[in-house]
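These notes concern the structure reproduced below.
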Amino acid sequence: MIFKIFNTLSRTKEDFTPLAPPHVGLYVCGPTVYGDPHLGHARPAVTYDLLFRLLMALGYKVRYVRNITDVGHLEHDSDDGEDKLQKKARLEKLEPMEVAQYYTNRYREAMNMLGVLPPSIEPQASGHIIEQIELIKEILEAGYAYQSNGSVYFDVDRYNADHCYGKLSGRSVEEMLSVTRQLDGSGDKRKSYDFALWKKASPEHIMRWPSPWSDGFPGWHLECSAMSRKYLGDRFDIHGGGMDLMFPHHECEIAQSTASMGHEAVRYWMHNNMITIDGRKMGKSLGNFITLEELFTGRNTLLEKAYSPMTIRFFILQAHYRSTLDFSNEALSAAEKGFERLMAAFDMIDKIKPAEKSTVDVSAIKSQCMEALCDDLNSPVAIAVLFEWVKVINRLNDGADTVTDGDLRSLSEQFRFVVCDLLGLSAEKRGDGELTSGLIEMILQVRQQAKEQKNWAVSDKIRDELSRLGVVVKDRKDGADWELK
RNA sequence: GGUCUGAUGGCCGAGGGGUUAGGCACAGCUCUGCAAAAGCUGCUACAGCGGUUCGAAUCCGCUUCAGACCUCCA
């Protein structure tokens, strides 16, 4: 099965062919760890987690690198800007690395709850200062950078003369010149669109490292070029990130890689779209973000209730990654209901009684879902396929359709593969150890006897009490199903 | 101002020249002691105006509206 991937470079879907099969190199821009992870962070994490899982399912050996930006970027494009991490540290009277560590932990916890698999390598920018300095040296030697007052800047004009700056985002240097802001304090740069490779640190700047040029810190875009190269090589397959990083971040990465090596590093660029709220991008700058913890606990005035991590994951997967996804309580609640119905059917499979012959063809569940995902990660269609089968599973449970023992096992296996392995969804409300389920079964048997004696008072009391404890009873003709709420 | 993207039923969201996406909500029916669950049925949309075509939600043009990027941002 061929995986089709939308390459931002060509703006078309292309057949994915790895550079060195069966190996695939995947690099994704991770978070800057200076704040609690929010819903916006969940989108790329879940998207590229799905990609990671799909590539593995296709038989590739994937090295997935997702960085942690702990060096911090400048708050403003000026020489006296304060490091984001440093600012936070000053406010909280903590070491900058303490802040970075705290939010790194928070990020990992949240991702784990969302069922996001840990990447193969999670390199930290602060641990790769040497590699970044080496990369700057190479760019300087190649003649695409210049020193200025202890800082080093990338020479966009020089680069643009030999290569094309702006190919990813579709911008031209001319038009950038006319709109780029002229900021005070950027006098060290020759052109407004030149970007920093190394910044000299002001005396009060805490996060600093020695370099041939000054005590300072690496530029904003350097770490991804340096770390992707270190772990994935001069050329690698896929680079992903949010659409908002396309310019300038990814454009600069391309320039840095090309300037230092003479060729591009990345073969396929992928960009996930944003999560919006009231039609506007959810993000730090607008201050309209909802943290994942707030989502999980419901503690935010925008939230009508708490939503479970898996509901969030399902919500994200129900939209295509290149579409904006609009947040609302209605949309989250709909996702929650849908997810619960999906998982209820999934649990139901084990309770279906096999029959002599099958009235349904279960052979294509997995392949249909794989086909959808191979079409540029079309998870909404894969989920639609699953819902077709939810209906079938319920009919099987009602006896309206039948399956043989073999088909039932195949159905169960395929469903598990798609739901758990590919989509990364897992049941949350299980917690039913043998003792718990045994007790519930026993109580339901007592209730069944009461029902047979038409003792509705007792039977309703049992049902109500169980309901109060979170056990939902679903009566059938002969007995009852139950699930934990 | 420049570059780009989008506008789908009550809501969320796929698709993308002729054929039911799917989910949620809603209504009716079946089942049922009641309720819930489940099943069946119904509601059937593609911003507006032109054009191409046997046929357009889908292609082209214009208009309106919205958003993203051009500054750190997932």
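Chain letters run A, B, ... following the sequence lines, proteins first, then strands; residues in each count from 1.
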Which whole-number value in Å describes the distance from [X] [atom1] to [N] [atom2]?
X        : N     : atom1 : atom2 : result
A/Asp244 : B/U5  : CG    : C1'   : 14 Å
A/His249 : B/C69 : NE2   : P     : 15 Å
A/Lys281 : B/A74 : NZ    : C1'   : 8 Å
A/His320 : B/G13 : NE2   : P     : 14 Å
A/Lys351 : B/A37 : NZ    : P     : 16 Å
A/Tyr321 : B/G13 : OH    : C1'   : 17 Å
A/Asp481 : B/C31 : CG    : C1'   : 14 Å
A/Asn273 : B/A7  : CG    : P     : 12 Å

Going by the rule side-chain contact (heavy atoms from CB on, under 4.5 Å), which residues pair with [X] if we only count those two or more places apart in sequence or in a different chain?
X        : value
A/Val446 : A/Ile462
A/Tyr102 : A/Arg106
A/Ser328 : A/Glu330, A/Ala331
A/Thr291 : A/Asp36, A/Phe289, A/Glu293, A/Glu294

Give me the distance, rounded to whole Å, that separates [N] from [M] when you measure between the [atom1] atoms they each carry.
N     : M     : atom1 : answer
B/G9  : B/U20 : C1'   : 14 Å
B/A47 : B/A7  : P     : 7 Å
B/G6  : B/G61 : P     : 13 Å
B/U41 : B/G51 : P     : 40 Å
B/C24 : B/C43 : C1'   : 14 Å

What nucleotide among [options] has an atom nearest to a side-chain atom of [X]?
X        : options             : value
A/Asp398 : B/A74, B/G33, B/A38 : B/A38
A/Arg447 : B/G22, B/A74, B/G33 : B/G33
A/His41  : B/A74, B/C12, B/A21 : B/A74
A/Arg395 : B/C34, B/A14, B/C40 : B/C40
A/Ala384 : B/A21, B/C70, B/A74 : B/A21
A/Arg171 : B/A14, B/C70, B/C72 : B/C70
A/Lys391 : B/G33, B/G13, B/G39 : B/G39
A/Gln318 : B/C69, B/G22, B/G39 : B/G22

Close N or O pairs between protein and nucleotides 24-30 of chain B (under 3.5 Å):
unit_1 : atom_1 : unit_2   : atom_2 : d
B/C24  : OP1    : A/Arg341 : NH1    : 3.3
B/C24  : OP2    : A/Arg341 : NH1    : 3.4
B/A25  : OP1    : A/Lys337 : NZ     : 2.9

With a 4.0 Å cut-off, would you call [X] and [Y] a salt bridge?
X        : Y        : value
A/Glu251 : A/Arg171 : no
A/Lys191 : A/Asp155 : no
A/Arg468 : A/Glu465 : yes

A/Asn272 or A/Lys451, whichever maps to the more 5' nucleotide of RNA chain B: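 Whichever sits nearer the 5' end wins; that is A/Lys451.
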Of A/Val381 and A/Asp460, the one whose closest RNA chain B nucleotide lies more 5':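 Of the two residues, A/Val381 wins.
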Within the sub-3.5 Å range, which N or O atoms of nucleotides 42-46 of chain B have a protein N or O partner, and how far apart are they?
none

Side chain [X] and base [N] donor-acceptor under 3.5 Å:
X        : N     : result
A/Ser459 : B/G33 : yes
A/Asp475 : B/A37 : no
A/Arg463 : B/A35 : yes

Hey, does the side chain of [X] come within less than 4.0 Å of [N]'s phosphate (OP1/OP2), counting only N and O?
X        : N     : result
A/Asn378 : B/A14 : no
A/Arg43  : B/A74 : no
A/Ser169 : B/C4  : no

A/Trp482 six-ring centre to A/Lys351 NZ/CZ under 6.0 Å and within 45° of normal: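 The answer is yes, since A/Lys351 meets both limits relative to A/Trp482.
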Looking at every strand, decide which applies to [X] at a 4.0 Å heavy-atom threshold: base, sugar-phosphate, or nothing.
X        : result
A/Met274 : base
A/Glu483 : nothing
A/Ile383 : nothing

Would you be so kind as to tabulate the donor-acceptor pairs closer than 3.5 Å made by side chains of residues 389-396 of chain A, with sequence neighbours excluded?
unit_1   : atom_1 : unit_2   : atom_2 : d
A/Asn394 : ND2    : A/Val390 : O      : 3.2
A/Arg395 : NE     : A/Asp401 : OD2    : 2.8
A/Arg395 : NH2    : A/Asp401 : OD2    : 3.4

Partner set under ring pair (Phe, Tyr, Trp, His ring centres under 6.0 Å) for A/His41, not counting sequence neighbours: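 Only A/His38 meet the ring pair (Phe, Tyr, Trp, His ring centres under 6.0 Å) criterion with A/His41.
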Under the ring pair (Phe, Tyr, Trp, His ring centres under 6.0 Å) test, residues paired with A/Phe296 that sit two or more places apart: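 Per chain and number, A/Phe296 pairs via ring pair (Phe, Tyr, Trp, His ring centres under 6.0 Å) with no residue.
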Heavy-atom closest pair, residues A/Ile2 and A/Cys374: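 Smallest heavy-atom distance, with atoms named: O-CB, 3.5 Å.
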Minimum heavy-atom distance A/Met274-A/Met243, with the two atoms named: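 Shortest heavy-atom separation between A/Met274 and A/Met243 comes out as CE-N, 3.5 Å.
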A/Met227 and A/Val65, any side-chain heavy atoms less than 4.5 Å apart: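 SC-SC contact between A/Val65 and A/Met227 ruled out.
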Note, A/His320 side chain near A/Asp376 side chain (heavy atom, < 4.5 Å):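 In short, these two side chains touch, coming nearer than 4.5 Å.
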Name the atoms and distances for all side-chain donor-acceptor pairs under 3.5 Å in residues 107-125 of chain A, with sequence neighbours left out.
unit_1   : atom_1 : unit_2   : atom_2 : d
A/Arg108 : NE     : A/Glu122 : OE1    : 2.9
A/Arg108 : NH2    : A/Glu122 : OE1    : 3.2
A/Ser120 : OG     : A/Tyr64  : N      : 2.7
A/Ser120 : OG     : A/Tyr64  : O      : 3.4
A/Glu122 : OE2    : A/Arg66  : NH2    : 3.2

Side chains of A/Ser126 and A/Asp70, donor plus acceptor under 3.5 Å: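 A/Asp70 and A/Ser126 do have a side-chain donor-acceptor pair below 3.5 Å.
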Paired and unpaired positions of RNA chain B as dot-bracket, Watson-Crick or G-U wobble under 3.5 Å, | denoting a partner strand: (((((((..(((.....[...))).(((((.......)))))....(((((..]....))))))))))))....
Tabulated below should be each protein N or O lying under 3.5 Å from an N or O of nucleotides 8-10 of chain B; please produce it.
none

